[in-house]
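Each chain gets a letter, A, B and so on, in the order its sequence line appears, and its residues count up from 1. Everything quoted here is computed from the prediction, not taken from an experiment.
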Protein chains: 2
Amino acid sequence: MSNLLAWTAPPEAAECCSSLSRRPLSPAEADEIALVLKALADPVRLRLLSIVASHPGGEACVCDLTECFELSQPTISHHLKVLHSAGLLQREKRGTWVYYRAHAAALTSLAALITPAVEPALPRSC
Amino acid sequence: MSNLLAWTAPPEAAECCSSLSRRPLSPAEADEIALVLKALADPVRLRLLSIVASHPGGEACVCDLTECFELSQPTISHHLKVLHSAGLLQREKRGTWVYYRAHAAALTSLAALITPAVEPALPRSC
DNA sequence: CAAAAGATTCGACATATGTCTATATTGACA
DNA sequence: TGTCAATATAGACATATGTCGAATCTTTTG
């Protein structure tokens, strides 16, 4: 599973808060962040995440979610797996049912990453 | 050009702040947000945006950017176009050079969208 | 005007991705 | 133990995407 939280404090960023706008990302950092954003960058997965997050109790099972779409159950399952692998959804199996909930810390980290820096960046090139 | 800023106050969200976690996104909203996230969800484009944003003066021309990658100049130009079309980069032509800068408001909106809601969501299904 | 430099557009190609159907797995329960 | 219900996995297929080289456009300058 991709670990976005780990990104928030990479060695080379010890000097600073996490933000795209503070300094150029290394290729490796960009690869990792892109994995998480790719997981989010799909209309079905955005809706799945928003449905799960705003569901009563903050969680929903696959059967709840499948009803919301005109897509096959395996397709929904696939999208949930992508979100889970990216660390954006947490998974808990209870009996026959599997419940998903939003991983708030991962979303918070991602949002912080995107938020423009308030302070002007130090002069750098690449 | 996709207009993320417009999303921040859609008619059906008048009740509330903008957040994925507040209520289920409509399919149309999800499509629009996905367009912006798709633009961000690429390692090269993430690096381009971070380089532009942290460049002295907050802007960089294409020639500055091409040096940072082992990719052809048309490829860089393509990625810049994607970011610009998504509203994440602003473009200004001065003489022969084209300067890009990060669109801070768009990034702020996107970050707000991803940030988990503090208040519990109202009970809703899809 | 012509030539050069910066940038974009075009067309092609290989890879990645979203979706489906069919099948497998897991757990509840008679 | 056998069957059923809820999810997940596998394999196939069509479409989307990232990259390139070649050509085109635009602006400066000799």
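- Atoms CZ (B:Phe69) and C1' (D:dG18) sit 13 Å apart, rounded to a whole Å.
- A heavy atom lying under 4.0 Å from DNA chain C marks the following residues of residues 50-64 of chain B, by number: B:Cys61, B:Val62, B:Cys63.
- Distance OG/B:Ser109 to CG/B:Leu113: 8.5 Å, rounded to 0.5 Å.
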Within the sub-3.5 Å range, which N or O atoms of nucleotides 11-13 of chain D have a protein N or O partner, and how far apart are they?
none

Mind running side-chain contact (heavy atoms from CB on, under 4.5 Å) on B:Leu110 and B:Leu40 for me, showing each step along the way? CA-CA 11 Å; B:Leu110 191 57; B:Leu40 252 193; 3.7 Å; yes
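- Applying the side chain to side chain contact (heavy atoms under 4.5 Å, CB included) rule to B:Glu67 yields no partners; only residues at least two apart in sequence or on another chain are considered.
- Contact annotation: B:Thr75 side-chain N/O to D:dC20 OP1/OP2 distance is under 4.0 Å.
- Remark: A:Arg91 is not in phosphate contact with D:dT7, judged by side-chain N or O atoms under 4.0 Å from OP1 or OP2.
- Connectivity analysis of hydrophobic side chains (ILVMFWY, heavy atoms under 4.5 Å, direct or indirect) links B:Tyr99 to B:Trp97.
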Contact letters for nucleotides 22-30 of chain D, in which S counts primed atoms plus P, OP1 and OP2 and B counts the base, heavy atoms under 4.0 Å: B---SSS--
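- A distance of 11.0 Å separates NE2 in A:His84 from OG in A:Ser77, rounded to the nearest 0.5 Å.
- We find the OG1-CG distance between B:Thr115 and B:Leu20 to be 9.0 Å, quoted to the nearest 0.5 Å.
- Interface limits on DNA chain C: the 5'-most and 3'-most nucleotides within less than 4.0 Å of chain A heavy atoms are C:dT17 to C:dA28.
- For the side-chain contact (heavy atoms from CB on, under 4.5 Å) test with A:Ile33, the passing option among A:Val36, A:Leu35, A:Leu37 is A:Leu37; the others fail.
- Using a 4.0 Å heavy-atom distance criterion, B:Leu71 is classed as a sugar-phosphate-only contact.
- Residues satisfying the side chain to side chain contact (heavy atoms under 4.5 Å, CB included) test with B:Cys126, not counting sequence neighbours, are A:Cys68.
- Residue B:Asp42 contributes atom CG, which lies 5 Å from atom P of D:dG18 at whole-angstrom precision.
- Distance CG (B:Leu80) to C1' (D:dT19): 15 Å, rounded to an integer number of Å.
- Every residue two or more places apart in sequence or in another chain that forms a side chain to side chain contact (heavy atoms under 4.5 Å, CB included) with A:His79 is listed here: A:Asp42, A:Val44, A:Arg45, A:Leu48, A:Thr75.
- A salt bridge is absent between B:Arg91 and B:Glu59; no separation between the charged side-chain nitrogens and carboxylate oxygens falls under 4.0 Å.
- Remark: B:His55 NE2 to A:Ser125 OG distance equals 6.0 Å, nearest 0.5 Å.
- For the side chain to side chain contact (heavy atoms under 4.5 Å, CB included) test, residues two or more places apart in sequence or in another chain that qualify with A:Gln90 are A:Arg101, A:His103.
- B:Tyr100 comes within 4.0 angstrom of the backbone, heavy atoms only, and of no base.
- Tracing side-chain contacts under 4.5 Å through hydrophobic residues (I, L, V, M, F, W, Y), one never reaches A:Val52 starting from A:Val82; they form parts of separate clusters.
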